[in-house]
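Please read all numbers here as calculations on a predicted model, not as lab measurements.
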Amino acid sequence: MASGTGSDTPASGEQTFGSGDKTFYVTTPIYYVNDAPHIGHAYTTTAGDVLSRWHRQRGESVWFLTGTDEHGQKVMRSAEANGTTPQEWTDRLVESAWKPALITIDAANDDFIRTTEKRHTERVQEFWQRLHDAGEVYKGSYEGPYCVGCEEFKLPGDLVDGTGEYEGQQVCSIHGRPVEYIAEENYFFRMSKYAERLLEHYEAHPEFVQPATARNEVVSFVRQGLVDLSISRSSFDWGIPIPWDSKHVLYVWIDALLNYATAVGLDSPSAQDKEKFGRIWPADVHLVGKDILRFHAVIWPAMLMAAGLPLPKTVFGHGWLLVSGEKMSKSRLTGIAPHQITDHFGSDAFRYYFLRAIPFGQDGSFSWEDMAARYTSELANDYGNLASRVAAMVGRYFGGVLPEAAEQGPAEQAIVDALAATVAGADEKMCALDFQGGIAAIFDFIKLVNGYLTEQEPWKVAKSQDEASQARLATILYTAAESLRAVAVLLNPVMPKSSAALWESLGAEAALGALAGQRVQDAGRWGLLPAGSTVTKGAVLFPRLEEPAAA
RNA sequence: GGGGCGGUAGCUCAGCCGGUUAGAGCAGAGGACUCAUAAUCCUUGGGUCGUGGGUUCGAGUCCCACCCGCCCUACCA
């Protein structure tokens, strides 16, 4: 977790790829505590975790933030329904559900922010006070249909005719529940005046909103013009009070978005926080589900522009997980809890599957059967088995001591070359958030090594005791083991547990040090794993799983 | 209502600006091998390319209409 303070650089020194002192900053959305964590949330967090681990593996300074969004009417009401206070309610949910979900998927976040924390609420108040003082906020009133589920006022077009028990009423098209008519005084943020600047920004920075399809939607939305944004509510009090008018609380989104800045020290008086903010801000990547893309690609940058703060580099809207063709829904109880999957497949497989099987940015269908098939074919058969057969042969033929390679032939050179290409390709793709492509590149290499072994038939070579054969055998097994050394490094960000097991199995730490200290940039350098390393055949990396548990 | 995306082998999907026998992975079938997690490697794909028209010497690949699913956006007060 939080590595604390100061400008901590990686222990192994050598700061690479000089993007100055800027820390690579990745965020997930802060999740609304009222929902139960499901694999859709875990998907975003996994992506953020893999991305941040990848950059750490590159030797960069990285900050990975996640957290919870805890204000708003929906939370307040469910707290009431559960006979408790909102604060107690959120405390309970955060501790019992949200933080454990991070452990479930083996996420290594640097910080976890809750919007009920003082470091957030105080800074949010200051932020809006400043915008208010600067004339960016004015008082107005608003009247209209309000959906408690969405926490927002709806336009007539957002409503549909109700069915069933709500027959004859107008209901929210998203939640299918009746809206309430609310009239209240509100404060408004002059967002409309930023439309032009936003469009200029989209134009000048095409990478700001990704993928391109999402960007196009955002651009066409803003082109139609923006209206000023209501930023307060006065009909309930579970929120951050507006400092100049405590009858109002800030609209939950307006409060929540600021977490990305408050968590890294925005406006904090402490010198330490100032330094931290200067080093980390702005975010390099905000990962969001495409449903909340607009908040992040329109409202959020407009807020930052108003405050004169630098904008994040990229907001990436990823796709939905579809379960039997339908979007997994928070409000329709089709959500699958992450532990239902990790209990059976483990966290490594969870992380692997969702990033490997689904192009990030597109919707992807999830099914237990597909996951089981990929687990067996790709993780157990291709990858795990390769590690097993190599370790077994080094054990059987060389007593577990990695032999020195003799002369390399064309077959070995092909592996060496392929590895270099794999590292370069995977690095490029992972940095571009093409997790599917990056992981596929690594696994193509694994398949190649399997093929290499089958062709070289070391078990046959081993039958001859003459020196040439033994040298040849040594070369083959060294080549395979050294390939696995690189694979362990490349897969460490994706599957930390099995990668650690492989590192251990290869006896790599003795000579090379901790796995976390290996650089992606060096992973393709041949011959790093020294002869003499102690190779042991540990537990299999991905045991075959028998009964697919009931989905 | 506009706009966009998708509908291709059992499954998940590739197929760029139209051109010889429509591809990959997985599953299935056959073979090789035995170091390994009954794993690996090789070989193997007779699919109305949603439907109906059209353009063209030639169309999943362009045009029109329609059907299905999804997304964005808007209005008939």
Side-chain angles (χ1 to χ4, degrees), chain A residues 155-159 170 173-174 209 211-226 289-294 297-298 317-329 349 353-354 356-359 361-398 400 411 436-437 439-441 443-444 446-463 473 476-477 479-481 484 498 501-502 505 535 537-546:
Chain A
L155 296 169
D158 295 329
L159 303 178
Q170 291 275 288
S173 61
I174 295 169
V209 185
T213 51
R215 176 175 178 274
N216 292 340
E217 288 182 0
V218 167
V219 168
S220 69
F221 174 77
V222 176
R223 276 214 182 104
Q224 296 175 85
L226 296 175
K290 65 184 183 184
D291 54 332
I292 55 172
L293 180 69
R294 195 179 299 163
V298 180
H318 69 245
W320 299 123
L321 300 183
L322 306 178
V323 177
S324 54
E326 277 189 23
K327 179 201 163 194
M328 241 193 351
S329 165
Y353 174 78
F354 286 105
R356 168 67 185 86
I358 299 166
Q362 289 180 37
D363 291 353
S365 43
F366 161 79
S367 74
W368 190 275
E369 292 72 23
D370 186 48
M371 176 150 191
R374 280 191 187 273
Y375 178 95
T376 301
S377 169
E378 297 168 11
L379 293 179
N381 295 354
D382 289 345
Y383 176 34
N385 182 56
L386 174 63
S388 287
R389 61 200 303 217
V390 172
M393 284 189 279
V394 173
R396 178 188 290 213
Y397 304 133
F398 293 97
Q436 182 187 55
I439 296 170
F443 272 71
D444 284 346
I446 287 169
K447 285 177 173 249
L448 195 70
V449 178
N450 266 323
Y452 165 80
L453 280 181
T454 300
E455 282 172 24
Q456 301 309 316
E457 303 179 305
W459 48 91
K460 282 189 180 168
V461 178
K463 284 176 180 159
L473 178 61
I476 296 166
L477 293 184
T479 300
L484 284 173
S498 53
L502 179 56
S505 164
V535 177
K537 189 170 185 307
V540 298
L541 261 31
F542 297 96
R544 286 178 71 84
L545 299 173
E546 299 306 331

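With rounding to whole Å, A:Ile476 atom CD1 is found 15 Å from B:rC41 atom C1'. The CG-C1' distance, from A:Asp363 to B:rG7, rounds to 14 Å in whole Å. Nucleotide B:rC71 holds its C1' atom 12 Å from the CG atom of A:Leu322, rounded to whole Å. Distance OH (A:Tyr452) to C1' (B:rU40): 15 Å, rounded to an integer number of Å. Rounded to whole Å, the distance from CG on A:Asp370 to P on B:rC13 is 9 Å. Atom CG in A:Asn216 sits about 21 Å away from atom P in B:rG2, given to the nearest Å. Distance CD (A:Gln456) to C1' (B:rU40): 14 Å, rounded to an integer number of Å. Here B:rC72 presents its P atom at 13 Å from CD1 of A:Ile292, a figure rounded to the nearest Å.
Between the CD atom of A:Glu378 and the CZ atom of A:Arg356 there is a distance of 5.0 Å, given to the nearest 0.5 Å. Interatomic distance, A:Phe443 CZ to A:Leu386 CG, rounded to the nearest 0.5 Å: 10.0 Å. A:Phe398 CZ to A:Arg396 CZ: the interatomic distance, rounded to the nearest 0.5 Å, is 13.0 Å. Atom CH2 of A:Trp320 and atom CG of A:Asp291 lie 3.0 Å apart (nearest 0.5 Å). A distance of 10.5 Å separates CD in A:Gln456 from CG in A:Leu477, rounded to the nearest 0.5 Å.
Between B:rC66 and B:rG28, the two P atoms lie 44 Å apart (nearest whole Å). B:rG50 and B:rU8 have their P atoms separated by 6 Å, given to the nearest Å. Distance check on atom C1': B:rG46 versus B:rG10 gives 15 Å, rounded to whole Å. Comparing the same atom, P, in B:rC63 and in B:rG47 gives a spacing of 27 Å after rounding to whole Å. Nucleotides B:rG25 and B:rA14 are separated by 10 Å at their C1' atoms, to the nearest Å. Annotation: B:rC41 and B:rU34 have their C1' atoms spaced 12 Å apart (nearest Å). Between B:rA22 and B:rA59, the distance separating the two P atoms is 13 Å to the nearest Å. The separation of B:rC76 from B:rC71, taken at their C1' atoms, amounts to 23 Å, rounded to a whole angstrom.
Shown here, B:rA74 forms no base pair; nothing in the strands shown gives a Watson-Crick or G-U wobble contact with both key distances under 3.5 Å. The partner of B:rU40 is B:rA32, by the rule that a Watson-Crick or G-U pair needs both atom distances under 3.5 Å. Base pairing of B:rC49 is not made with any nucleotide, judged by Watson-Crick or G-U wobble geometry with both donor-acceptor distances under 3.5 Å. Across every strand in view, B:rC26 sits in a pair with B:rG10 that passes the Watson-Crick or G-U test at under 3.5 angstrom. Across all strands shown, the partner of B:rC5 is B:rG69, judged by Watson-Crick or G-U wobble contacts whose two distances both fall under 3.5 Å.
Residues A:Leu453 and A:Val390 are in side-chain contact: their nearest non-hydrogen atoms beyond the backbone lie under 4.5 Å apart. At a threshold of 4.5 Å between non-hydrogen side-chain atoms, the residues A:Ser505 and A:Lys537 do not count as touching. Looking at A:Arg544 and A:Thr376, their side chains come closer than 4.5 Å, going by heavy atoms from C-beta outward.
Here A:Lys447 reaches the OP1 or OP2 of B:rC26: one of its side-chain N or O atoms lies under 4.0 Å away. Contact between the side-chain N/O atoms of A:Ser365 and the OP1/OP2 oxygens of B:rC13 is found at a separation under 4.0 Å.
Taking the O4'-C1'-N9-C4 or O4'-C1'-N1-C2 dihedral as appropriate, B:rG28 has a value more than 90° from 0 and is therefore anti.
Residue-level contact check: A:Glu455 touches neither bases nor backbone, having no heavy atom under 4.0 Å from any strand.
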Atom pairs, N/O to N/O, protein against nucleotides 34-39 of chain B, distance under 3.5 Å?
residue, atom, partner, partner atom, Å
B:rC35, O3', A:Arg396, NH2, 3.4
B:rC35, O2, A:Arg389, NE, 3.1
B:rC35, N3, A:Arg389, NE, 3.4
B:rC35, N3, A:Arg389, NH2, 2.6
B:rC35, N4, A:Arg389, NH2, 3.2
B:rA36, OP1, A:Arg396, NH2, 3.2
B:rA36, O2', A:Asn385, OD1, 2.5
B:rA36, N3, A:Asn385, ND2, 3.2
B:rA36, N3, A:Arg389, NE, 3.2
B:rU37, OP1, A:Lys537, NZ, 3.2
B:rU37, O2, A:Phe542, O, 3.3
B:rU37, O2, A:Arg544, N, 3.3
B:rU37, N3, A:Phe542, O, 2.7
B:rU37, O4, A:Gly384, O, 3.2
B:rU37, O4, A:Asn385, N, 3.4
B:rU37, O4, A:Phe542, N, 3.2
B:rA39, OP1, A:Arg544, NE, 3.2
B:rA39, OP1, A:Arg544, NH1, 2.9
B:rA39, OP1, A:Arg544, NH2, 2.6
B:rA39, O5', A:Arg544, NH1, 3.1
B:rA39, O2', A:Asn381, O, 3.4
B:rA39, O2', A:Asn385, OD1, 3.3
B:rA39, O2', A:Asn385, ND2, 2.5

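Between A:Ile446 and A:Phe221, the one whose closest nucleotide on RNA chain B sits nearer the 5' end is A:Ile446.
With ring centers used as reference points, A:Tyr375 lies 6.0 Å or more from A:Tyr353.
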